[in-house]
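These numbers were taken from a predicted model, which means no experiment stands behind them. FYI, the numbering just counts along the sequence from 1. All heavy atoms count here, side chains included; hydrogens, waters and symmetry mates do not.
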Amino acid sequence: MKLTKMDCTLNEKDTLQDMLDCEKQLMELYTTALFEGSTKSLRKNFSENLLAVAENQYCLYTQMNTRGYYAPKPADKNSIDTAVDTFKKQKNSLKANG
């Protein structure tokens, strides 16, 4: 079976999704690099890059959301309250152990 150019062309939604996925991966890599950076200047560089990638990711998200390609479900109040409670407990546990 021979593939044509049309078989290999991404539509707008797939292209934006691919770009968004790449930005998310970059954010993970820069976050890890930031945590493991051994000098202040290196950590500053990683931090600046992380913020730039976060801005790119948000722009892509906004474009996808505007076009109806990415519509996160709103969290219900119960889910939010559970998450807040969980993080408060973890924070208090860290304070008690630290």
Side-chain angles (χ1 to χ4, degrees):
M1 179 171 145
K2 184 177 178 181
L3 294 176
T4 66
K5 184 177 179 181
M6 288 300 293
D7 294 326
C8 300
T9 302
L10 295 176
N11 61 32
E12 181 182 68
K13 179 181 178 182
D14 292 339
T15 301
L16 288 170
Q17 184 63 56
D18 186 55
M19 292 169 65
L20 182 64
D21 291 344
C22 288
E23 293 298 322
K24 288 179 179 181
Q25 289 175 340
L26 277 172
M27 288 182 70
E28 288 179 28
L29 292 170
Y30 277 125
T31 300
T32 299
L34 176 61
F35 290 146
E36 296 180 2
S38 59
T39 66
K40 284 191 176 204
S41 62
L42 186 62
R43 291 172 60 94
K44 182 179 183 223
N45 191 308
F46 288 142
S47 178
E48 290 169 355
N49 289 345
L50 177 62
L51 289 174
V53 170
E55 185 63 30
N56 291 342
Q57 182 273 336
Y58 182 71
C59 288
L60 286 164
Y61 159 77
T62 302
Q63 290 299 313
M64 291 184 75
N65 188 283
T66 299
R67 289 169 167 80
Y69 300 151
Y70 194 107
K73 295 187 309 187
D76 60 80
K77 182 166 176 20
N78 189 37
S79 296
I80 294 170
D81 291 343
T82 300
V84 168
D85 186 51
T86 298
F87 287 113
K88 281 183 182 177
K89 287 177 183 176
Q90 289 176 346
K91 182 179 176 183
N92 291 337
S93 175
L94 289 172
K95 284 182 181 179
N97 294 327

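Between atom OH of residue Y30 and atom CD of residue E23 there is a gap of 9.5 Å, rounded to the nearest 0.5 Å. Separating the OH atom in Y69 from the CG atom in D14 is a distance of 9.5 Å, to the nearest 0.5 Å. To the nearest 0.5 Å, atom OG1 of residue T31 and atom CG of residue L50 are 4.5 Å apart. Taken from CZ in R67 to CG in L16, the straight-line distance is 6.0 Å, to the nearest 0.5 Å. A distance of 10.0 Å separates CG of N56 from CE of M27, quoted to the nearest 0.5 Å. The CD atom of E12 sits 9.5 Å away from the CE atom of M64 when rounded to the nearest 0.5 Å.
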Pair Q63-L60, side chain to side chain contact (heavy atoms under 4.5 Å, CB included): steps then yes or no: CA-CA 5 Å; Q63 290 299 313; L60 286 164; 5.6 Å; no
Do D76 and I80 pass the side chain to side chain contact (heavy atoms under 4.5 Å, CB included) test, and can you show the C-alpha distance, the side-chain angles, and the key distance before you say yes or no? CA-CA 6 Å; D76 60 80; I80 294 170; over 6 Å; no
Would K91 and K95 satisfy side chain to side chain contact (heavy atoms under 4.5 Å, CB included), going step by step from the backbone distance to the final call? CA-CA 6 Å; K91 182 179 176 183; K95 284 182 181 179; 3.7 Å; yes
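Taking each heavy atom of R43 and G37 in turn, the nearest pair found is CD-O, 3.5 Å. Here the shortest heavy-atom pairing between N65 and P72 reads ND2-CD, 3.7 Å.
S93 contributes no side-chain N or O that, together with a main-chain N or O of K89, makes up a donor-acceptor pair within less than 3.5 Å. At distances below 3.5 Å, at least one donor-acceptor pair connects side-chain atoms of T15 with backbone N or O atoms of N11. Side-chain atoms of N92 come within 3.5 Å of backbone N or O of K88 as a donor-acceptor pair.
Contact annotation: the side chain of D81 never approaches that of D85 to less than 4.5 Å [non-hydrogen atoms, C-beta and beyond]. Contact of the T32 side chain with the E36 side chain is registered, since non-hydrogen atoms from C-beta on lie closer than 4.5 Å.
M19 CE: 12 or fewer foreign heavy atoms inside a 6.0 Å radius.
Legend: residues meeting ring pair (Phe, Tyr, Trp, His ring centres under 6.0 Å) with Y70, ordered by chain and number and at least two apart, are Y61.
When hydrophobic clusters are built by joining Ile, Leu, Val, Met, Phe, Trp and Tyr residues whose side-chain heavy atoms come closer than 4.5 Å, directly or via intermediates, V53 is grouped together with L42.
A salt bridge is absent between K24 and E28: the closest approach of a Lys/Arg side-chain nitrogen to an acidic carboxylate oxygen does not fall below 4.0 angstrom.
No donor-acceptor contact under 3.5 angstrom links the side chains of Q25 and D21, judged on distance only.
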